[in-house]
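Before any comments, here is the structure.
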Amino acid sequence: MEHVWASLEEALTQLVPHADASEALKDLNVVAMLHRFWEQKQTKGATRQADSLVVYESAPSPGPPFICYVTLPGGSCFGNFQCCHTQAEARRDAARVALMNSLFNELPSRRITPEFISRSLEEATAGASGALGEASDPSTSIGAYYLMLQLNIGKTMLEFQEIMTVFQLLHWNGTLKAFRERRCSRQEVISHFSQRGLDERTRSHMVLDWLQRERRSPGLLSSELNLALGELASARRTGRELRFYKEKTEILSLALDQAYGTLSPLVSEACWLNTGHSPADTQDQEQSTADDQHPEEDLRDAP
C-alpha cells in the first residue's frame, strides 16, 4: 500500500509542484487540479480532443444536501459522497473523488497487461464456476471475459470499466439476450460494441424497448426508475463509479417522459436530485420509432 500512496503523491507533485502532496487533496482548488490533470493527458496525446472536457452536473435542489456529478473524458462518472450544504462544496467533493480515481488509474498496476490478464483469470475462475481452459472458448463466461481483456490490452482499468459499462447496460436492457436469440456469437457482440461504445442510437433503442414493456405492463417504468434512483444514490454515497447507474436512470426517465408526457411529481423530484436532469431536459430528445433498424441488425451488417 505504501508504494501506491508514493505513486499518488508523485502524480500530485506533477500537478501542484509547489504544494505539499499530502495536503493537496484538501486544496479548495481541487476542481482546477482535476482540469489540469486531464489537460496534461490531452497534451500528451492520451485523450482525444473531442473528449477533453470534464463535465459537471449540479442536481437542481431547493436546499441542502446538494448533489453534483462529474463526467470524465471517456464517460466515467463520479459524484460527491459527502453531505454537502452548498453547491460549490458538492462540486469540490465530486471533483475530489474523480481526481483520486484518475490518479489511482495512472498506477502501473491499473493497466491491462498479459500478467494482469493471467491474474484476473485466476481470480475469476476461483470466484466462479469455470476453468482456465475455458478462456479459449468465447461462448463461455470465462472465455468472453478473456476476449474482452485481450481486446483492451494496454488500456487502464478506468478505460476498461467504460467499455464494461456498455455490456452491463446491454445485459440490463435485455439486448444481449436478443442477440443470443438471433444466434449472434459472443465474439461478434464483444468485438462490435468494444469498437462502437454507447451512442445515442443505442440509447434510443433501449428507450424504445422500455416503452414497449411499459405498454405491456403499465407502472413498470416508475417501479424500475425508483429502483435505479436508489441504486444511484447508494453508489454515489460510497464513492463508486456511477456511469452504469446514471445511464439507467436517464434511459428510464426518458422512456417514462415519452410514455406519459410528464413525470409524476415524486419521480420527477427524485430524478432532479439523483441525476441532475429535469423533465425539460428530455423534451427535446428525438423519440425513437418502432421501424428503426435495431442494433442487432447493425451487428449482422458490421464487417
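Just so it is clear, the values below take in all heavy atoms, side chains as well, and ignore hydrogens, waters and symmetry mates.
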Contacts of type side chain to side chain contact (heavy atoms under 4.5 Å, CB included), residue [X], not counting sequence neighbours:
X: Thr86; answer: Ala88, Glu89
X: Val97; answer: Phe78, Phe81, Asn101
X: Glu115; answer: Thr113, Arg119
X: Ala228; answer: Lys248, Thr249, Leu252

Measuring only between side-chain heavy atoms, which start at C-beta, is [X] closer than 4.5 Å to [Y]?
X: Leu149; Y: Phe160; value: yes
X: Leu34; Y: Leu72; value: yes
X: Cys68; Y: Asp93; value: no
X: Ser234; Y: Tyr245; value: no
X: Asn152; Y: Glu159; value: no
X: Cys77; Y: Glu241; value: yes

Note to self: Ignoring hydrogens and geometry beyond distance, is a side-chain donor-acceptor pair present between Thr202 and Asp199 at under 3.5 Å?
What the structure shows: yes

If I take atom [atom1] from residue [X] and atom [atom2] from residue [Y], how far apart are they, to the nearest 0.5 angstrom?
X: Arg92; Y: Leu99; atom1: CZ; atom2: CG; value: 14.5 Å
X: Arg213; Y: Leu208; atom1: CZ; atom2: CG; value: 10.0 Å
X: Arg237; Y: Leu232; atom1: CZ; atom2: CG; value: 9.5 Å

Notebook entry, point to check: Above 12 or not: heavy atoms from other molecules or residues under 6.0 Å from OH of Tyr146?
Noted result: no

Checklist line | Heavy-atom closest contact (Ala255 atom, Leu211 atom, distance) | finding: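 Distance-wise, the nearest heavy atoms are O-CD2, 3.2 Å.
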
Next item on the list: Name all pairs fulfilling the salt bridge (Lys or Arg N to Asp or Glu O under 4.0 Å) condition that reach into residues 146-158, sequence neighbours left out, sorted by first residue then second.
Entry: none

Next item on the list: Using the test side-chain hydrogen bond (donor to acceptor under 3.5 Å, both in side chains), find all partners of Thr165 that sit at least two apart in sequence or belong to another chain.
Entry: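 Checked Thr165 against side-chain hydrogen bond (donor to acceptor under 3.5 Å, both in side chains); matches are Gln161.
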
Check: Can you hop from Leu227 to Val207 via hydrophobic side chains spaced under 4.5 Å?
Finding: no

